Amino acid sequence: MTTDSTPSKKRSLLRKLLYAAAAVILLGSLLASYMNWEANHLEFSENTAPAGCVPGLSGLRILVLSDVHTNLPLLEKAAAMAEQARPDMIVFLGDLYTDFLRATHAGDYITQMKRLSSIAPAYACLGNHDMALVDNVERILKEGGFTLLRNSAAFVTIPRLGNAEFKLVGLGDLREGDFFPDRCMSPRELGEESVMPTIVLSHNPKGRELLGGYHWNLMLSGHTHGGQIKLPFFSTPLLTSEGETMYSGFHPYEDKQVFVTRGIGYIGPGRFNCPPEINLITIP
């Protein structure tokens, strides 16, 4: 007499499938928890610019913040870190809010911006997410003590460096069609000797590709979030968009330099192998 083993085989297969599903759910939950933890683990990064990238400003210390994306707790952590850094100036590179999130607690953001601007002269440009909430963002920056540069320039003097002077340009956002370098930058044909050192604030590093006719030395950018998700053994981050090849750190571009910060905030499930950061850049 033989026994039909089909029901027991089905039960065994179902059990294996249930175990596999439980394992996937558990691993997914652990991964999501880790990505959320990393996304809120702010790092303080010190970066030295390549030698000679901005002539005449040796020793200049610039604190760089970008891409808060409606994350007030991380902005508070950034302000606390900045208070210990002793920079000569502070720059914010846009995306204070995330445009599809409700903008609230503007007063709390103003408080943190005031903390930052009390440390050193503070300047800002706008990002693509800021444009949908531009009136609110501009109010926060201005009441917070930041000089907003929107397709405009300021001439900055650094007393600690013997009153060394340079031009600081802030461009509007490239993606949102608010990018007008002709309003604030010197034509390149004037010659390198006839214009002072120039640092450009541009939320999107892609802006570099439209500045071939203008004089500048260093561009400071955000927007990329560093790629946000960097898988092991892959050189390119998972979330790099628009064909961008400059997603974090210093990158040479023609005879100039572009620096891209990973930024403070994030969009989506979190970060992996790409923690948020604020940066202290030193010009050698």
Side-chain angles (χ1 to χ4, degrees), residues 39-40 42 62-83 89-154 168-181 183-184 200-207 220-226 228 241-242 260-268 270-271 276-279:
N40 290 282
L42 185 63
I62 308 172
L63 190 82
V64 178
L65 308 95
S66 188
D67 297 274
V68 174
H69 283 295
T70 324
N71 195 320
L72 183 62
L74 280 186
L75 181 59
E76 292 173 349
K77 291 180 183 178
M81 290 179 175
E83 287 171 341
M89 60 182 293
I90 294 173
V91 297
F92 175 67
L93 303 175
D95 280 1
L96 180 67
Y97 283 144
T98 304
D99 55 13
F100 54 78
L101 296 178
R102 184 170 174 235
T104 61
H105 305 290
D108 293 332
Y109 285 87
I110 291 170
T111 296
Q112 298 309 315
M113 289 300 182
K114 283 182 176 179
R115 284 180 69 186
L116 289 164
S117 64
S118 69
I119 299 167
Y123 303 85
C125 66
L126 297 178
N128 54 298
H129 283 269
D130 295 324
M131 298 303 290
L133 304 160
V134 67
D135 290 342
N136 200 19
V137 172
E138 288 190 355
R139 175 197 160 210
I140 289 171
L141 292 172
K142 291 176 180 178
E143 292 189 19
F146 277 68
T147 298
L148 176 60
L149 299 176
R150 184 176 176 184
N151 297 304
S152 58
L168 182 67
V169 170
L171 295 170
D173 186 70
L174 177 65
R175 179 186 282 183
E176 297 300 315
D178 189 44
F179 192 88
F180 300 104
R183 298 178 183 176
C184 53
V200 176
L201 311 182
S202 174
H203 176 71
N204 190 333
K206 276 285 184 183
L220 304 178
S221 297
H223 184 59
T224 68
H225 304 181
Q228 203 166 295
S241 63
E242 302 168 337
V260 185
T261 176
R262 297 194 301 263
I264 295 172
Y266 62 98
I267 295 176
R271 289 176 175 264
E277 67 178 354
I278 67 170
N279 308 84

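These numbers were taken from a predicted model, which means no experiment stands behind them.
Side chains of Leu174 and His223 form no contact here, defined as non-hydrogen atoms less than 4.5 Å apart. In this structure the side chain of Ser66 reaches within 4.5 angstrom of the side chain of Thr261, judged on heavy atoms. Taking the side chain as every heavy atom from C-beta outward, Asp130 and Arg150 never approach each other to under 4.5 Å. In this structure, Asn128 and Asn204 have side chains that are not in contact, with every pair of non-hydrogen atoms separated by 4.5 Å or more. Using a 4.5 Å heavy-atom cutoff, the side chains of Leu201 and Leu168 are in contact. Looking at heavy atoms from C-beta onward, Arg175 lies out of side-chain contact with Lys206 at the 4.5 angstrom threshold. Using a 4.5 Å heavy-atom cutoff, the side chains of Tyr97 and Val68 are not in contact.
Across all non-hydrogen atoms, the minimal contact from Ala78 to Leu116 is O-CD2, 4.5 Å. When all heavy atoms of Cys184 and Leu171 are compared, the closest pair comes out as SG-CD2, 3.7 Å. Scanning both residues, Asn136 and Ala106, for their nearest heavy atoms gives OD1-CB, 4.0 Å. Across every non-hydrogen atom of Ala39 and Gly270, the tightest pair is CB-CA, 4.0 Å. Across all their heavy atoms, Ser202 and Ser221 have their closest contact at O-OG, 2.7 Å.
Here the CD1 atom belonging to Ile278 is positioned 6.0 Å from the CG atom belonging to Leu42, to the nearest 0.5 angstrom. With values rounded to the nearest 0.5 angstrom, Ile90 atom CD1 is found 11.0 Å from Arg115 atom CZ. Rounding to the nearest 0.5 Å places CZ of Phe179 at 10.0 Å from SG of Cys125. If you take CD on Gln112 and CG on Leu65, they are separated by 11.5 Å, rounding to the nearest 0.5 Å. In this structure, CZ on Arg271 lies 7.0 Å from CZ on Arg262, to the nearest 0.5 angstrom. With rounding to the nearest 0.5 Å, the separation of CZ in Arg139 from CG in Leu148 is 15.0 Å.
Pairs of residues two or more places apart, or lying in two chains, never qualify as side-chain hydrogen bond (donor to acceptor under 3.5 Å, both in side chains) while including a residue from residues 102-111. Within the structure, salt bridge (charged side-chain N to carboxylate O under 4.0 Å, His left out) contacts touching residues 65-77 (residues at least two apart or in different chains) do not occur.
With sequence neighbours left out, the side-chain hydrogen bond (donor to acceptor under 3.5 Å, both in side chains) criterion links Glu176 to no other residue.
Using modelled atom types and a 3.5 Å distance limit, the side chains of His69 and Thr98 yield a donor-acceptor pair. Remark: the Glu277 side chain and the Asn279 side chain contain an N/O donor-acceptor pair separated by less than 3.5 Å.
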Q: Evaluate the side-chain contact (heavy atoms from CB on, under 4.5 Å) criterion for residues Tyr123 and Ile62: first the C-alpha distance (whole Å), next the side-chain angles of each, then the deciding distance (0.1 Å), finally the verdict.
A: CA-CA 11 Å; Tyr123 303 85; Ile62 308 172; over 6 Å; no
Q: Quick one: do Tyr266 and Asn71 satisfy side-chain contact (heavy atoms from CB on, under 4.5 Å)? Show the steps, please.
A: CA-CA 8 Å; Tyr266 62 98; Asn71 195 320; 4.1 Å; yes
Q.
side-chain contact (heavy atoms from CB on, under 4.5 Å) for Asp99 and Met131? Distances and angles first, verdict last.
A. CA-CA 8 Å; Asp99 55 13; Met131 298 303 290; over 6 Å; no
Q | Step-by-step side-chain contact (heavy atoms from CB on, under 4.5 Å) determination, Phe146 to Phe92 | A | CA-CA 9 Å; Phe146 277 68; Phe92 175 67; 3.8 Å; yes
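With hydrogens and angles ignored, the 3.5 Å screen pairs a side-chain donor or acceptor of His203 with a backbone N or O of Leu93.
Here Lys114 does not pair with Glu143 in a salt bridge; the nearest charged N to carboxylate O distance is not below 4.0 Å.
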